[in-house]
Novice: 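Below is the structure I would like to discuss, written out as structure tokens.
A note on names: the letters A, B, ... follow the listed sequences, proteins ahead of strands, and every chain is numbered from 1.
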Amino acid sequence: MPVKSDHRSVDPAAIAMLKIADQNDIDNIWERLEKQQPQCGYGQLGTCCRICTQGPCRIDPLGEGPTRGVCGATADTMVARNLARMAAVGSSSHSDHGRKVALLLKAVATGENTDYQIDNVEKLQGVAAKLGISADGLTTLELADKVADAALDCFGSQTEAAIQFAAAYMPQRLQEQLGKAEVALKDITGARIGLMPRGIDREAVDILHRTHFGCDADPLTLVAQTVRCSLGDGWGGSLIATELQDILFGTPTVRTIKANLGVLDAEMVNIIVHGHEPILSEKVVELARSAKMNKAAEAVGAKGVNVAGLCCTGNEILMRQGVGVAGNLLHSELAIMTGAVEALVVDVQCIFPSLADLSSCYHTQFITTSEQVNIPGAIHMQFEEHDADKIAEQIVQKAIDAFPKRNAAKVYIPQETAEAVVGFSVEQILAALGGTPGPLVDVIANGTIKGVVGIVGCNNVKVKQDLFHQELTRELIKRDILVIGTGCWAIAAAKAGLMNLEAQELAGSGLKAVCKSLGIPPVLHMGSCVDCSRMLVLAGAIADHLGVDISALPLAGSAPEWSTEKAVAIGSYFVGSGLPVHLWPAPPILGSPAVTQILTEGAKDLLGGYFFVEEDPTATAERMLAIINEKRAGLGI
Amino acid sequence: MKVVTVGTGMASADFVQQLRQEGFADEIVMISDEPYAPYSPCVIPFYLAGDPLESVFWKGQDFYQRQQVTPLLEHRVVEIDREQRLVRTEQGASESYDRLFYAAGSRSWCPQADWMQTAGVFGFKTLTDMVAIDRYIGQQGIQRAVVFGGGFIGVDAALALHHRGIEVTIVHRNNRLLSQMTDVEGGQFATERLATKAGLDVRLHNTVDALTVDAGQLRGVTLSDGTTLDTAMLIVTTGVTPNSAPLTGADDGVTVGSELLSEAGIYAAGDVALTRHLVSDVPGLYATYPNAQQQARVAARHLVHGSGHYDGSLNTNVLQKHIDFPIISVGVFEGEPVTWCQGDLFRRAYLQDGRINGYILIGDTRNAGHIHHLYVTQEPVDHNIAEILADRRGVSHYRNLMQL
Amino acid sequence: MKKIFVDYKKCVACKGCEIACAIQQHPSHSLYALVGDKKTQVNVRVLGVEHEAFPVSCRHCEPAMCLDACPSGAISRDPQTSAVVLNPDICKACAMCAMVCPFDAVSFKQTHRAQYGRTVAYKCDLCHERLQEGLNPACVDACHSNALVYKESDELSNQRAVQNLKVYLLGDEGEPPLFSLYRELRRKEFARRRSDKS
């Protein structure tokens with residue numbers, strides 16, 4: 001199929017599938033966006049408050065109508081409360097994922113769960129050491145038990161002290177800087193305002209309390225708590241998810257995978273795992289690779305069982321198992337439209353409810369597995385960690401059973417796929433550098449590489465799929481800026497071939513030379529969206545190596561096609577950790593001059609990090625280069 | 001000055017109303033062979049479908065009184081005596097006039113004149129027809145009917161009867177219903193939906209060739225393909241003939257100029273008037289209400305003020321009665337077709353020199369007004385017609401105006 | 001004569017006008033009664049055209065093409081308010097009006113006012129009954145941002161209004177800087193999303 005341009009996506013496979021969707025009038029997210037137009041400006045500006053039943057209240061941005069809600073809340077209060085709630089939800093989503101991993105580690109350590117094992121003892125020891133847990137005289141399981149307890153304590157701790165993981169992983173200088181900011185905030189407001197997270201759950205609950213009717217109305221303290229809660233995600237919930245997953249399933253290592261819908265195989269039973277957690281998908285991959293299941297597949301006329309990933313579940317298993325990835329968020333409906341997917345198995349987060357109806361037009365078994373994700377029209381097969389092998393087998397069998405029902409006339413798999421070198425955990429990056437960040441710091445210091453930008457995911461249907469991800473990435477590497485990142489951005493970059501070694505040619509001469517000498521692409525896949533914690537850890541390692549603040553480093557972050565509340569949390573913990581963060585589309589804050597000022601300017605003085613909004617990829621790259629140059633000048637390099 | 005209208009149809013009613021609005025205070029006589037106040041032919045099928053009779057009198061049942069008109073009803077005009085300025089009726093009346101407004105309308109045309117003498121065979125044009133059909137259905141307990149002729153009026157008749165609960169077979173010569181107001185594809189698209197969604201039994205490539213009659217009473221019909229259908233009711237909608245003979249000597253229409261005068265002192269309008277087309281300039285019988293209304297207004301103003309100009313007629317058709325998929329047809333289907341079709345929506349425009357020559361819209365009225373406007377103004381649309389046809393939300397008019 | 005004007009730059013697309021209209025037109029005059037009621041009638045629609053959004057409805061044109069096209073006498077002009085009013089009791093839903101209305105202001109369905117259990121045409125009636133009580137049209141009162149205004153319109157602009165939407169869409173200048181930024185970002189978002197290039 002010849003590739004034509006399309007206003008919805010830059011991905012040729014997506015364009016081919018959208019053509020089929022158009023021809024057959026298949027409902028999809030782009031259609032639904034059209035049908036939602038125009039969307040309410042109060043919501044987009046953040047000035048709609050539905051917190052109590054005396055409302056809903058809206059403050060119009062033109063000053064034509066009332067300037068206060070029924071309770072007296074101003075636009076500033078409303079926007080800040082709404083933003084804080086977004087961060088609470090986003091942090092909770094990441095952190096609850098982390099909690100499940102910690103609980104699994106605990107169950108494995110105590111012997112309650114024998115379906116899973118500890119894969120990476122070295123990492124376990126490393127994490128324990130970082131937490132100050134002595135391994136002396138302990139068995140692996142005993143050590144795992146202590147690490148699991150430490151992790152679980154971070155969720156439920158009721159003291160005023162910072163959670164253990166944050167205290168252990170966060171660079172000392174950052175902790176000091178946050179302490180100074182706490183003092184500064186007290187000077188401004190008179191209130192005791194903490195920024196170091198006390199408990200992962202507590203900080204989210206604090207927001208729920210604080211934003212209840214008649215509590216916090218000050219945009220400054222509301223934003224401060226937003227940052228604190230988000231730091232509990234980045235240096236807490238997400239970090240725990242990453243670290244403990246590495247212990248259970250292995251720390252990612254460099255490998256080559258295939259990306260895009262072409263990873264589906266017309267002759268095999270195709271199972272797509274979608275969502276965010278590896279706990280189930282690791283098992284699905286294991287079972288799908290078993291002789292027993294492949295035999296069962298052959299019995300129904302298939303060549304075998306093929307697992308492909310979508311979104312961050314896809315990222316988790318590509319990083320550790322080298323499983324091909326079918327696409328990012330906006331591919332989830334398109335994948336079903338290939339007509340070649342026997343089962344779409346989902347865990348949590350970013351699952352369109354529309355997938356149920358769409359699957360029913362095909363033979364696709366749409367299987368939900370989490371008690372937190374129930375979708376009318378889906379088949380629910382409750383996943384239980386203690387019975388993982390059996391349930392995973394039932395799921396794979398369900399897919400195999402669906403294979404004979406496949407309608408060959410409906411099958412179309414676009415063949416555009418790209419190869420990507422992935423698996424860049426912090427450990428792998430340091431290993432490539434010879435064990436310390438030194439060589440990376442050196443090439444940054446001597447200007448061969450100007451700086452590093454971390455980009456995180458989501459697709460947003462309001463942005464042409466992958467356009468911003470791809471263009472920003474290209475523009476940055478062209479400017480000798482190393483790009484690292486996670487989530488749906490990482491899949492976009494993989495699909496575009498930017499994680500290929502050949503992409504070295506797209507980089508500026510300095511970056512190109514460094515990548516060639518290390519044998520790495522100029523664009524590094526660091527994992528799923530909880531793995532943004534890896535970027536924090538890397539930034540911390542570089543800062544510690546140089547003995548400076550993270551905010552002094554020539555680093556920046558970006559969420560160029562963001563859509564979810566999780567991205568609010570990520571952006572906020574980047575900013576709270578001292579990083580300038582680019583966003584597109586604009587967050588729902590423009591209804592409040594105060595919140596806009598705090599996030600884009602005030603935060604810079606207080607935290608070192610700040611947000612900026614830019615719609616053009618090239619202009620964004622330019623702005624980032626300017627930021628990096630400013631930081632370089634600050635460091636005297 | 002005394003004004004006489006031949007006919008009490010929509011053109012005559014609008015003419016009289018306009019005369020009064022323009023301040024004309026002299027005597028007006030309106031002559032009709034029917035016994036009714038002015039009624040709307042577009043509305044009368046609803047009487048058959050169950051609506052009350054009052055609702056057909058679109059300008060009120062007291063129209064004559066309100067407009068201070070002398071009605072001469074149940075008188076059929078047979079002669080216009082120009083010498084003596086007299087209108088003579090079959091019933092023996094003669095009415096003098098200073099100005100004559102000739103809008104005698106048209107009547108059903110039947111392929112075999114003697115069929116109409118059979119009990120159970122009806123035309124479908126006048127309120128008299130409707131009242132007779134209604135009475136007949138009641139008396140005979142009619143359960144099924146055959147409509148012969150699948151043009152606009154035939155489909156209108158079939159839908160009205162179907163709505164009343166009668167099983168309707170519609171017999172049509174062509175390969176699609178509404179063949180005059182559609183092209184092949186559009187007509188077939190519409191026919192398919194009339195059969196499946198509206199529940200009509202459609203027999204294409206067929207004619208009613210013979211009637212089975214028992215003692216003057218219809219019992220059945222035989223189609224050209226040999227099928228026989230038992231039915232006690234046949235509606236003949238195979239065409240209409242303008243009632244122009246009393247004025248011109250032949251039933252082929254009355255040619256009028258831009259002042260709507262067919263000759264000094266005599267205006268003609270409505271279904272009998274041969275006018276020029278607004279866009280194509282082709283003369284013809286453009287028998288729709290909006291044309292009749294404009295003609296009546298121009299004629300009335302001309303009569304009172306001595307000036308006025310009729311820009312021309314449009315051939316517009318829209319069928320939506322009793323169905324939820326409007327079928328709109330305008331202009332001629334010649335030129336380059338541009339089509340957009342999705343699900344139950346069919347939209348096609350024919351372009352000539354980049355301008356709309358004709359169009360068919362089936363399924364909704366979303367863009368109908370915008371496209372109508374573009375057709376009437378003959379704006380060049382070759383650059384954006386495809387986008388306009390594909391617009392499901394009705395934004396193209398606004399997009400155009402805001403230059404977005 | 002007073003008319004409803006739209007200052008499109010002030011429209012926030014909240015659709016408050018749609019809800020207010022539905023409540024006004026519903027026999028219960030209650031939000032909760034109209035939810036899920038298929039007969040609910042909404043005479044105004046907030047339309048998104050690219051990044052711009054604004055309420056569209058009947059313009060109460062003079063002359064009104066729909067009024068002239070109606071063959072059943074169902075559309076008339078209210079002498080007090082100049083509103084073009086549709087009488088559902090005698091409307092036959094023939095669609096002659098909709099066929100010629102360039103503003104797409106006439107819709108069809110079985111509303112609460114429909115007689116004989118079938119579809120009728122419905123359109124904005126300028127809330128002429130509210131006007132007679134000295135009130136504004138419901139949509140105008142509902143608009144928080146003053147995008148909808150009910151004000152005097154002179155003869156000349158009336159005539160132009162039939163042809164040119166911009167007479168209705170005021171686009172008055174002057175807005176807070178962050179709102180300008182919001183509008184500009186929306187414009188960029190749509191421009192980029194629509195472009196087929198790159």
Novice: More than 12 heavy atoms of other residues, nucleotides or ligands under 6.0 Å from CD of Gln115(C): yes or no?
Specialist: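 Yes, because the 6.0 Å sphere around CD of Gln115(C) holds more than 12 heavy atoms from other groups.
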
Novice: Using side-chain heavy atoms (C-beta onward) and a distance below 4.5 Å, is Asp104(C) in contact with His370(B)?
Specialist: no

Novice: From Glu52(C) CD over to Arg399(B) CZ, what is the distance, rounded to the nearest 0.5 angstrom?
Specialist: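 If we round to the nearest 0.5 Å, Glu52(C):CD and Arg399(B):CZ are 11.5 Å apart.
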
Novice: Specify the closest pair of heavy atoms between Ser40(B) and Pro71(C), including all atoms of both residues, with the distance to one decimal.
Specialist: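 Heavy atoms only, the tightest pair is OG-O, 2.6 Å.
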
Novice: Please rank Ala93(C), Cys97(C), Ala105(C), Ser107(C) by heavy-atom pairs under 4.5 Å with chain B and give me the top one.
Specialist: Ala93(C)

Novice: Which one of His372(B), His397(B), His373(B) satisfies the ring pair (Phe, Tyr, Trp, His ring centres under 6.0 Å) criterion with Phe103(C)?
Specialist: His397(B)

Novice: Roughly how far, to the nearest 0.5 Å, is the NZ atom of Lys92(C) from the NE2 atom of His322(B)?
Specialist: 9.0 Å

Novice: So for Thr288(B), is it side chain, backbone, both, or neither that comes closer than 4.5 Å to the heavy atoms of chain C?
Specialist: neither

Novice: List the steps, then state whether side chain to side chain contact (heavy atoms under 4.5 Å, CB included) holds for Thr365(B) with Val106(C).
Specialist: CA-CA 9 Å; Thr365(B) 56; Val106(C) 188; over 6 Å; no

Novice: Side chain from CB out, backbone as N, CA, C, O: work out which of these in Phe190(C) comes under 4.5 Å of a heavy atom of chain B, or both, or neither.
Specialist: neither

Novice: Heavy atoms only: give me the nearest Gly48(C)-Val395(B) pair and the separation to one decimal.
Specialist: O-CG1, 3.5 Å

Novice: Please round to the nearest 0.5 Å and tell me the distance separating atom CE of Met96(C) and atom SG of Cys42(B).
Specialist: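 So the gap between those two atoms works out to 5.5 Å.
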
Novice: Look up atom CD1 in Ile371(B) and atom CE in Met99(C), then write down how far apart they are to the nearest 0.5 Å.
Specialist: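 These two atoms lie 10.5 Å from each other.
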
Novice: Quick check on Glu54(B) against chain C: is it the side chain, the backbone, both or neither that has a heavy atom closer than 4.5 Å?
Specialist: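 Neither part.
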
Novice: Around atom CD of Glu184(C), are there more than 12 heavy atoms from other residues, nucleotides or ligands closer than 6.0 Å?
Specialist: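 More than 12 heavy atoms, drawn from other residues, nucleotides or ligands, come within 6.0 Å of this atom.
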
Novice: Can you name the nearest heavy-atom pair linking Leu47(C) to Tyr398(B), along with the distance?
Specialist: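 Looking at all heavy atoms of both residues, the shortest contact is CD2-CD1, 3.5 Å.
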
Novice: Determine whether more than 12 heavy atoms belonging to other residues, nucleotides or ligands lie under 6.0 Å from atom CD of Glu129(C).
Specialist: no

Novice: Are the side chain of Gln293(B) and the backbone N or O of Ala69(C) linked by a donor-acceptor pair below 3.5 Å?
Specialist: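 Looks like no, no N/O pair under 3.5 Å.
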
Novice: Under 4.5 Å from any heavy atom of chain B, what part of Cys66(C) do you find: side chain, backbone, both or neither?
Specialist: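 Neither part.
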
Novice: For chain C, find which of Lys59(B), Gln294(B), Arg297(B), Met10(B) contributes the most heavy-atom pairs closer than 4.5 angstrom.
Specialist: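 Top option by heavy-atom pairs under 4.5 Å: Arg297(B).
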
Novice: By a 4.5 Å heavy-atom criterion (distance strictly below it), what part of Asp364(B) contacts chain C: side chain, backbone, both, or neither?
Specialist: neither

Novice: Quick one: does Asp324(B)'s side chain get under 4.5 Å of Thr119(C)'s, heavy atoms only?
Specialist: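 Result no, sub-4.5 Å side-chain heavy-atom pair not found.
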
Novice: Heavy-atom cut-off 4.5 Å, strictly under: side chain, backbone, both or neither for Val56(B) against chain C?
Specialist: neither

Novice: Starting at CZ of Arg118(C), measure out to CG of Asp51(B) and round the result to the nearest 0.5 Å.
Specialist: 4.0 Å

Novice: Can you name the nearest heavy-atom pair linking Gln320(B) to Ala95(C), along with the distance?
Specialist: NE2-CB, 3.5 Å

Novice: At a heavy-atom distance under 4.5 Å, which candidate from Asp68(C), Val49(C), Val100(C) has the highest pair count against chain B?
Specialist: Asp68(C)

Novice: Looking at Val43(B), is its backbone amide N or carbonyl O close enough to the side chain of Ser72(C) to form a donor-acceptor pair, meaning the two atoms are under 3.5 Å apart?
Specialist: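 It does not hold such a pair.
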
